[in-house]
Amino acid sequence: MYCGDQPCVPYGFIGNPPTKVAVESLGEVRERFLRFFERHGHTRIKRYPVVARWRDDVYLVGASIYDFQPWVTSGAVPPPANPLAISQPSIRLTDVDKVGRSGRHLTGFEMMAHHAFNYPDKFIYWIDETTEYAYEFFTKELGIPPHEITFKESMWEGGGNAGECFEVLVRGLEVATLVFMHYEVKDGKYVELPLKIVDTGYGLERIYWLLKGTPTIYDAVFGPFLAKAREKTGVPEPPKDVMGKASIYFGQMDPEVIALEKAYDLIAEKIGVDPKWFRDVVRPQEALYVLADHSRTVSWMIADGVIPSNSGAGYLARLLIRRTLRNMAIAGIDVPLVELFDMHLKELRADYPEVWDARSLILELVELEEKKYREVLKSAPSAVKKAVEEARRRGKPSLDADDLVALYDSAGLPPEIVAEAAKSLGVEVKVPDDFYSRLAARHVKREKQPERALVEMAKVIDLPRTRELFYEDPYMRSFKAKVLRVLDGRYVVLDQTAFYPEGGGQPADVGVLKYAGGEAKVVDVQRVGHVIVHVVEGQPPPEGAEVVGEVDWERRYGLMKMHTGTHVLIQSIRRVLGPHIWQAGAQKDIPSSRIDVTHYKLPTPEEVAEIERLANGVVQADLPVYAKVMPRNEAEAKYGFILYQGGVVPAREIRVVQIGPDESPYDVQACGGTHLRRTGEIGLIKIQKVERIADGVVRFIFTTGMHALAYVQELERQAAEAAAIAGGSRESLVESVKKLAQRAEEAEKRAKRYAELYAAALAESLKGEPAGRYKLAVVELDDEELAKRLAQTATSRDKDLILVVVGGGRVSIYTGGVDVAPIVKALREVGFRGGGSKTFAQGQYRGDVETLKEAIKKALT
RNA sequence: CGGCCGGUAGUCUAGCGGAAGGAUGCCCGCUUGGCGUGCGGGUGAUCCCGGGUUCAAAUCCCGGCCGGUCCA
């Protein structure tokens with residue numbers, strides 16, 4: 001079968017590009033592509049961030065179509081333009097192990113694309129035009145001879161959708177995929193969709209590589225950076241033919257790439273060079289390639305708001321940084337990563353100016369991550385030593401695969417590092433080829449529990465949309481409404497309501513529903529599809545009844561202060577700590593609320609104070625707060641993705657909450673919550689606590705309004721109480737506490753000194769009676785500390801002494817060397833319950849002292 | 001969100017059911033012309049918190065807090 005791709009066909013363009021058209025840079029190819037499609041009626045769209053904040057199913061954008069999922073692809077929202085062309089930076093970590101090795105894999109790439117969205121009433125174009133565009137672009141724009149281009153038909157499936165597709169290949173390299181998405185996959189069957197989408201993807205880097213014909217894609221894309229990095233690290237330029245051939249063969253043995261050592265030998269053999277020489281040449285090259293690829297991807301991520309972390313999207317950034325460091329370490333490259341990043345950022349400046357803007361943040365975070373990783377690696381020798389000893393205890397000569405997996409999983413130590421540390425302990429460790437699949441087996445996927453709906457959607461599907469009075473007037477505290485349906489005697493649906501349903505981090509309102517003949521407490525309110533369901537306690541109103549709803553206003557007004565306060569606070573945090581601050585979660589509550597933000601260190605008390613000052617300045621300025629509903633595309637175009645602080649907003653129209661006047665707004669966010677009219681109503685914003693909840697995420701716990709006052713009053717009360725206890729005034733609280741602590745310390749020291757003196761005196765006056773060839777002394781003392789001291793002095797002075805301390809129903813036996821075991825045995829017979837070992841025993845004894853003495857004497861004779 | 005590992009003097013670390021040990025740091029002597037060094041002495045720990053099991057818990061069990069790490 002002819003497939004035209006790796007591994008069937010070796011690349012035919014290396015050292016021999018298929019065109020005479022000369023391109024100078026990656027940017028030129030991008031520009032040619034976008035201009036070409038602009039000439040053919042497409043609108044150019046600005047790239048989206050690589051962090052998919054508008055989605056809750058993925059962290060990163062992996063293809064241009066991600067930009068339009070799910071709202072556009074489901075038909076809910078119109079595309080920003082139609083047809084459109086874009087070059088979308090995308091990140092895929094699925095092939096991360098092959099990067100630097102296969103010669104063609106990248107974690108970050110630009111997917112150039114043209115998309116057409118065909119609606120039943122508006123047809124743009126379909127298969128014929130799409131293939132023609134592709135053909136013309138490659139032949140006319142890039143000058144590739146027609147016979148060099150292969151279109152391979154196939155079926156594409158992904159994300160619940162499917163459709164036919166063409167893979168476009170040139171000399172063994174897949175340069176584009178043209179997908180015609182028009183099925184939904186339902187229960188394994190294809191269901192025709194009303195919306196038919198042309199989804200194309202042209203690999204910018206691959207096309208550039210093809211045109212350049214360099215040994216690897218990295219040489220083409222990162223050429224200038226690699227040259228400088230070689231100079232800096234002292235890694236020499238590799239022999240051209242070796243790298244070219246190596247990447248061809250590596251490309252062909254993709255599936256086995258993990259079994260690296262074997263792959264090296266095989267390829268060296270194929271090329272006809274010495275395996276050891278080959279390894280020494282290739283390893284540092286691979287490290288540089290990984291560095292080049294990963295540093296660009298990480299820079300994109302950080303510039304778009306990712307902070308390296310131990311969880312979430314941040315972990316992916318950390319993973320790439322650590323992989324880079326590990327590869328450099330293995331290749332023996334010892335240059336600070338920051339310097340190499342900085343070098344690369346200078347090269348990236350022209351193509352990605354927004355990444356350049358984040359330069360200082362990127363460098364700071366990379367430096368921090370490098371430091372943290374060094375700490376991890378520093379733990380290697382002792383962790384490995386411990387593991388080796390543990391293995392030996394269980395009779396194993398060395399570490400096995402399970403031990404290596406455990407070390408990686410719990411301590412973050414990669415097997416190569418472990419092997420190296422073990423070697424210096426004189427232990428040979430073999431790294432198994434299937435290491436990474438063993439690791440994967442340890443992380444068996446858990447099933448995601450689908451959220452249980454309050455009421456089945458089917459039971460309310462026929463009802464009209466509930467009118468949302470809380471949006472029309474957030475200050476409405478009571479309203480009249482008609483009962484449309486009552487389910488299970490406790491779920492009430494009204495035609496309209498002022499009760500806010502839980503959402504956007506704001507909890508549901510509570511209150512009462514009053515009706516002729518009774519009233520019911522509203523304890524929870526939830527959205528179910530397009531209606532709002534009130535969960536009631538007590539006798540629910542009958543269907544069809546007129547009710548008066550009364551919202552618990554004190555609580556709700558408090559929540560509104562919290563919610564508007566949240567917006568003021570997050571913007572203030574951003575202004576103080578920097579533009580990398582994004583909301584990572586929030587919960588409004590009474591009496592305290594919290595916001596989690598992306599930040600890489602705990603803010604200092606000064607920064608917190610500055611944030612409070614700024615936020616309360618906004619409160620005092622009494623700025624107006626507006627909520628307006630706007631089409632999604634318009635809002636995104638006007639404000640950018642900073643809108644999505646609170647997470648996914650699942651609608652075609654989004655509600656935008658703006659604080660401050662139009663000409664100079666303080667903050668703008670997409671938000672579905674209830675807000676105040678003016679910031680002055682917040683009264684006071686007080687941060688109560690900041691804590692690090694994960695690497696890269698800081699939690700602010702704060703309060704507003706009267707709750708803030710109550711908090712401050714409580715602090716004041718505590719200070720007054722503490723001052724009273726410390727015996728000073730509130731003004732001198734710190735001084736009196738200091739004195740108190742000092743006095744306590746002195747008192748402890750004195751007590752200890754006296755205890756020593758007392759123990760010495762006791763030891764002096766101990767009267768031992770003979771017991772066999774030993775001496776026995778019994779002391780009544782109900783202080784274990786003192787007893788220990790006494791025993792220490794007495795038994796070290798007289799090795800034949802057996803000291804028995806009786807007190808509080810307990811008996812302790814101390815000896816200066818005499819084995820305590822026979823004594824314990826004898827004592828058990830007279831009611832002693834306890835035990836010990838060597839020179840000490842302890843236990844419970846309730847009998848009289850004479851019996852005890854006799855028993856011990858008897859045991860010793 | 002979750003799995004795994006860990007939390008013992010200021011710092012690092014041993015002990016993993018029976019009287020909390022070492023290294024480093026700090027203080028005081030001696031050594032030296034002085035610094036380093038060396039030697040001797042001293043100082044420093046609610047064994048993360050709470051509950052349980054036990055005659056006895058740093059140690060075993062449960063819960064929490066904090067840190068590390070891996071995976072989504």
Side-chain angles (χ1 to χ4, degrees), chain A residues 56-60 93-94 96 308-316 318-319 322-323 372-383 385-387 389-390 393 402-415 417-418 435-449 451 584-585 596 602 689 691-695 697 699 744-745 748-749 752-753 756 759 784-796 803-805 808-817 819-821 823-824 827-828 831-846:
Chain A
D56 55 10
D57 54 339
V58 290
Y59 290 123
L60 301 169
L93 299 183
T94 43
V96 70
S309 162
N310 58 351
S311 67
Y315 178 71
L316 304 177
R318 171 169 292 174
L319 177 82
R322 291 193 171 184
R323 271 185 54 85
K372 284 195 178 186
Y373 196 51
R374 282 194 201 289
E375 288 295 315
V376 170
L377 295 186
K378 246 174 42 193
S379 75
S382 69
K385 192 168 167 235
K386 215 168 152 182
E389 279 165 8
E390 174 65 25
R393 203 168 311 156
D402 285 339
D403 296 325
L404 288 177
V405 170
L407 276 170
Y408 182 70
D409 209 25
S410 60
L413 299 173
I417 304 281
V418 172
F435 179 78
Y436 286 95
S437 53
R438 273 168 182 273
L439 190 71
R442 223 174 136 104
H443 296 280
V444 183
K445 269 187 197 147
R446 75 205 139 86
E447 262 182 58
K448 224 179 191 175
Q449 293 259 341
E451 259 182 63
D596 302 338
L602 198 65
K689 194 180 176 187
E691 55 185 343
R692 248 171 45 101
I693 59 164
D695 255 1
V697 184
R699 172 167 295 174
E745 197 184 326
E748 257 170 48
K749 273 189 182 159
K752 205 176 140 189
R753 224 160 44 229
E756 269 162 20
E784 211 174 305
E785 269 305 305
L786 196 54
K788 269 182 203 169
R789 253 174 234 290
L790 170 62
Q792 249 152 26
T793 28
T795 57
S796 62
L803 177 68
V804 177
V805 178
R810 304 186 51 77
V811 171
S812 302
I813 299 146
Y814 305 86
T815 78
D819 185 13
V820 92
I823 302 174
V824 168
L827 286 182
R828 288 227 178 91
F832 173 82
R833 289 191 24 174
S837 77
K838 289 168 195 164
T839 66
F840 173 74
Q842 193 177 54
Q844 238 173 24
Y845 176 75
R846 303 226 172 254

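All chains are named by letter (A, B, ...) in the order of the sequence lines, taking the proteins before the strands, and each is independently numbered beginning at 1.
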How many Å lie between NZ on A:Lys838 and P on B:A19, as a whole number?
-> 9 Å

Calculate the interatomic distance between A:Glu784 atom CD and B:A56 atom P; express it in whole Å.
-> 11 Å

Would you say A:Lys386 reaches B:U13's phosphate, i.e. side-chain N/O to OP1/OP2 under 4.0 Å?
-> no

Using a 4.0 Å heavy-atom cut-off across all strands, classify A:Tyr408 as base, sugar-phosphate, or nothing.
-> sugar-phosphate

Any chance NZ of A:Lys372 has more than 12 other-residue heavy atoms, nucleotides or ligands included, within less than 6.0 Å?
-> yes

Begin with the C-alpha distance, continue with both residues' side-chain angles, and end with the deciding distance and a verdict on side-chain contact (heavy atoms from CB on, under 4.5 Å) for A:Ser379 and A:Leu413.
-> CA-CA 9 Å; A:Ser379 75; A:Leu413 299 173; 4.3 Å; yes

Who is the Watson-Crick or G-U wobble partner of B:C26, with both distances under 3.5 Å?
-> B:G42

Interatomic distance where CG belongs to A:Asp819 and P belongs to B:G18 [whole Å] = 16 Å

Tell me, do A:Leu786 and A:Leu790 make a side-chain contact under 4.5 Å, heavy atoms counted?
-> no

How is A:Thr815 classified with respect to the nucleic acid when contacts are heavy atoms under 4.0 Å: base, sugar-phosphate, or nothing?
-> base

With a 4.0 Å cut-off on heavy atoms, is A:Arg846 in touch with a base, just the backbone sugar-phosphate, or nothing at all?
-> nothing

Just how far, in rounded Å, is P of B:G68 from NZ of A:Lys378?
-> 15 Å

Which part of the nucleic acid, if any, lies within contact of A:Ala411, taking any heavy atom under 4.0 Å across all strands shown: a base, the sugar-phosphate backbone alone, or nothing?
-> sugar-phosphate

In Watson-Crick or G-U wobble terms, with both distances under 3.5 Å, the base opposite B:G18 is B:C55

With a 4.0 Å cut-off on heavy atoms, is A:Arg692 in touch with a base, just the backbone sugar-phosphate, or nothing at all?
-> sugar-phosphate

If you look at every strand shown and take non-hydrogen atoms under 4.0 Å, does A:Val820 touch a base, only sugar-phosphate, or nothing?
-> nothing

A:Ser311 has its side chain closest, among B:C1, B:G3, B:G68, to B:C1

d(OH, A:Tyr814; P, B:G18) in whole Å = 15 Å

Is there a Watson-Crick or G-U wobble partner for B:C1 with both distances under 3.5 Å, and which nucleotide is it?
-> none

A:Arg318 vs B:C70: side-chain N/O to OP1/OP2 distance below 4.0 Å = no

Give A:Thr839 one of three labels, base, sugar-phosphate or nothing, depending on what nucleic acid heavy atoms sit under 4.0 Å from its own.
-> base

By nearest nucleotide on RNA chain B, pick out whichever of A:Ala791 and A:Gln844 is the more 5' one.
-> A:Ala791

Remember a base hit wins even if backbone is also touched, and classify A:Leu413 as base, sugar-phosphate or nothing at under 4.0 Å, heavy atoms.
-> nothing

Could you check whether A:Gly834 gets within reach of a base, just the sugar-phosphate, or nothing at all, counting any heavy atom under 4.0 Å?
-> base

Which nucleotide in the set B:C70, B:A20, B:A56 lies at the smallest distance from any side-chain heavy atom of A:Asp409?
-> B:C70

